[in-house]
Asker: 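There's a structure below that I have some questions on.
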Amino acid sequence: MSKPTPVLEARGLIKRYGHVTALDGADFEVMPGEIMAIIGDNGAGKSTLIKALSGALIPDEGEILVNGNPVVFHSPIDARHYGIETVYQDLAVAPALNIVENMFLGREIRRPGVLGSVFRMLDKKRMLTEATEYMSDLQFRIQSMQQAVETLSGGQRQGVAVARAAAFAEHVVIMDEPTAALGVKESGMVLDLIRKIRDRGLPIILISHNMPHVFELADRIHIQRLGRRIAVIHPKDYRMSEAVAIMTGARDVHEEDKQAI
Amino acid sequence: MTTTSAPAKPRFSLVSILATPTVGPFIALVLASILFASQSDRFLSASNFSLIVQQVMVVGTLAIGQTLVILTAGIDLSNGMIMAFSQILMAKVFMDNAVPAPLAILLGFIAAMAFGAANGLLVTRLKLPPFIVTLGMFNIAFALTRIYTTTTIRMTDSPWHVFFGRTFTVGGDGGTKFTYGSVLMVLLFFIAWFVLRETAIGRRVYAIGDNPEATRLAGINTQRLLVGVYMVAGLFYGIAGLLLISRTGVADPQAGQNANLESITAVVLGGTSLFGGRGNILGTLLGALIVGIFRNGLTLMGVDSIYQWLITGVLVILAVAVDQVTQRRAK
Ligand SMILES: Nc1ncnc2c1ncn2[C@@H]1O[C@H](COP(=O)(O)OP(=O)(O)OP(=O)(O)O)[C@@H](O)[C@H]1O
Ligand SMILES: [Mg+2]
């Protein structure tokens with residue numbers, strides 16, 4: 001049976017930091033329209049893996065493929081060109097800038113005509129309108145789009161980072177622990193946002209330590225251990241405790257644990 | 001379901017106004033002005049105001065560059081010495097090497113930008129703290145200036161070099177005289193204000209000081225941007241050098257030794273955070289004027305200049321304290 005081509009794939013990624021090997025030949029794939037969760041212990045190399053996939057770091061060895069074609073990401077801009085958008089673990093927002101400025105940081109829209117081409121003036125009105133649209137598409141509530149991000153609650157900030165990624169992603173959205181450090185209500189808000197993105201047909205890579213969230217949302221679960229993919233499972237075939245046991249090394253990995261690869 | 005709607009109007013409460021870092025110095029300024037005005041008839045005259053602006057035009061222009069660097073969460077201790085080297089170069093190549101005046105001035109600007117580029121490259125490539133890099137560059141530029149010359153060069157015979165010291169009169173005969181240099185400084189402030197506020201580059205300068213990693217992850221080449229900021233700051237220091245020659249009529253190798261602290265004072269009084277990412281360049285103009293007005297008022301009152309140092313020092317520490325407290329409260 002021929003498998004469809006993954007929208008984003010990694011083969012044999014290696015990344016070393018001095019004596020630490022963060023990625024030790026890691027493979028990865030995500031298929032069209034699916035939510036692929038990544039779980040793994042602290043330090044398993046989850047963040048390093050997605051940083052390689054989003055251009056935030058360059059792996060020492062290995063291959064990244066978009067729709068089956070090998071690509072090299074030298075910076076986050078390169079990944080963005082392929083429609084890959086990322087919500088990083090530490091959020092990556094500028095707290096003193098307002099929501100609109102954060103959403104358009106690095107892809108600002110200039111005014112039409114001479115004001116834009118010669119005087120390089122920003123089209124603040126248009127950016128406000130578009131940012132407002134993105135947020136209402138996701139039914140994300142906020143008082144003013146022109147308030148500084150630092151005035152927002154943790155959940156709202158997370159929402160801004162997620163909405164930014166969702167707004168500009170055309171290919172894949174990557175999220176590194178988007179609900180970490182959030183309360184129940186705020187997590188619920190972010191999970192809603194994730195579902196809405198999935199409903200638009202965008203594949204999502206979701207890193208989380210929260211097993212109930214993972215089992216609720218994911219189509220498949222990639223289990224990372226010591227810098228490698230050791231298993232990929234369907235959540236319906238496994239109990240949470242089993243997944244955790246594989247993740248921590250408490251249970252040996254059997255052949256059937258890799259059947260979802 | 002309610003979603004985002006029209007932007008809410010910013011609310012102006014007494015608390016938010018008092019928490020604005022520029023307000024404290026501004027209140028101090030108003031109170032001091034009342035005192036100065038009661039002590040000296042000349043203080044509130046238009047010609048005295050023109051004199052103040054003229055006195056702050058050099059430090060003000062330096063402070064534009066300083067503001068840009070501080071917004072990126074850096075600091076520039078070398079700016080006064082870069083200015084000193086730049087003005088000596090633009091004077092010497094004109095006098096000794098018969099380089100045409102406009103070209104000589106241009107060379108001075110280029111040298112200042114080269115110093116800025118060196119600062120920027122050391123900060124970004126070697127990841128050295130700006131404080132140390134620019135402290136080192138302070139010494140290097142100081143030494144190079146002294147190696148180049150130790151004598152003061154009279155420049156009043158070169159119309160190009162002293163153009164910005166010339167005056168024009170506002171208000172007919174017996175009106176107030178302003179120097180072209182004062183106008184240039186104000187113009188430069190407005191250009192910097194426009195770029196910082198209305199262009200992508202400007203917003204990115206704020207972003208980089210606010211969260212450099214987020215700025216990099218947003219796909220911005222932060223290293224190039226930082227080097228650019230230090231270079232543009234250098235250009236402002238070069239222009240300040242030309243303004244200094246214009247004002248004094250000489251190129252002085254001893255100039256600018258306290259200019260780093262004076263420009264930082266203007267920036268801090270103007271409400272720009274030393275932590276980067278927050279501030280307003282027009283606040284710096286206000287800050288520079290505040291320092292100038294204090295100096296001027298105290299001079300008119302006949303207060304010894306050593307007390308001017310004392311008061312400036314107190315003002316800076318107060319302004320930084322306000323910055324610290326508001327930042328801490330924001331977290
Ligand atoms: N910039 C860095 N410099 C040095 N070591 C690093 C760096 N980034 C990651 N590492 C190391 O690489 C390993 C993998 O880190 P990574 O952040 O990818 O783990 P993670 O799976 O995301 O963990 P967590 O669940 O805690 O987020 C860790 O041992 C970490 O200490
Ligand atoms: Mg991580």
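Just so we're on the same page: letters track the sequence lines, and every chain starts at 1.
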Asker: If I measure from the heavy atoms of chain B, does K51(A) come under 4.5 Å with its side chain, its backbone, both, or neither?
Answerer: neither
Asker: Near E170(A) CD, under 6.0 Å, is it more than 12 heavy atoms from other residues, nucleotides or ligands?
Answerer: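 It does not: E170(A) CD has 12 such atoms or fewer within range.
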Asker: Got a second to check how far N211(B)'s CG is from N102(A)'s CG, nearest 0.5 Å?
Answerer: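 CG of N102(A) is found 9.0 Å from CG of N211(B).
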Asker: For the residue pair L97(A) and D210(B), what are the closest heavy atoms and their distance?
Answerer: N-OD2, 3.6 Å
Asker: Over all heavy atoms of both residues, which pair between G277(B) and A96(A) is shortest? Give the atoms and the distance, please.
Answerer: O-CB, 3.9 Å
Asker: Determine the option with the most heavy-atom pairs under 4.5 angstrom with chain B, choosing from S75(A), G106(A), A79(A).
Answerer: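 Most heavy-atom pairs under 4.5 Å with chain B: G106(A).
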Asker: What is the distance from atom CD1 of I220(B) to atom CD of E108(A), rounded to the nearest 0.5 Å?
Answerer: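 That separation rounds to 5.5 Å.
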Asker: Got a sec: does the CZ of R197(B) have more than 12 other heavy atoms crowding it under 6.0 Å?
Answerer: no
Asker: Counting only heavy atoms from other residues, nucleotides and ligands, does the tally under 6.0 Å from CD1 of I201(B) exceed 12?
Answerer: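 Counting neighbours around CD1 of I201(B), 12 or fewer heavy atoms of other residues, nucleotides or ligands fall under 6.0 Å, so no.
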Asker: Relative to chain B, which segment of Y88(A) carries a heavy atom at a distance below 4.5 Å: side chain, backbone, both, or neither?
Answerer: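 Answer is side chain: those atoms of Y88(A) sit under 4.5 Å from chain B.
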Asker: Of all the heavy-atom pairs spanning A214(B) and A92(A), show the shortest one and how long it is.
Answerer: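 Closest heavy-atom pair between A214(B) and A92(A): CB-C, 3.3 Å.
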Asker: Of the non-hydrogen atoms in A56(A) and L217(B), which two are nearest, and what is the gap between them?
Answerer: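 Looking at all heavy atoms of both residues, the closest pair is CB-CD2, 3.4 Å.
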Asker: A quick test of your reading: do over 12 heavy atoms of other residues, nucleotides or ligands sit less than 6.0 Å from OH of Y206(B)?
Answerer: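 Yes.
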Asker: With rounding to the nearest 0.5 Å, note down the distance linking CZ in R111(A) to OG1 in T199(B).
Answerer: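 So the gap between those two atoms works out to 12.5 Å.
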Asker: How many angstroms lie between CZ in F194(B) and CE in M121(A), if you round to the nearest 0.5 Å?
Answerer: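 These two atoms lie 4.5 Å from each other.
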Asker: Report yes if the side chains of E198(B) and R120(A) come closer than 4.5 Å at any heavy-atom pair, otherwise no.
Answerer: no
Asker: Take atom CZ of R195(A) as the centre, draw a 6.0 Å sphere, and report whether it contains more than 12 heavy atoms from other residues, nucleotides or ligands.
Answerer: yes
Asker: Atom CG of L122(A) and atom CZ of R203(B): how far apart are they, to the nearest 0.5 Å?
Answerer: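 If I round to the nearest 0.5 Å, the distance is 8.0 Å.
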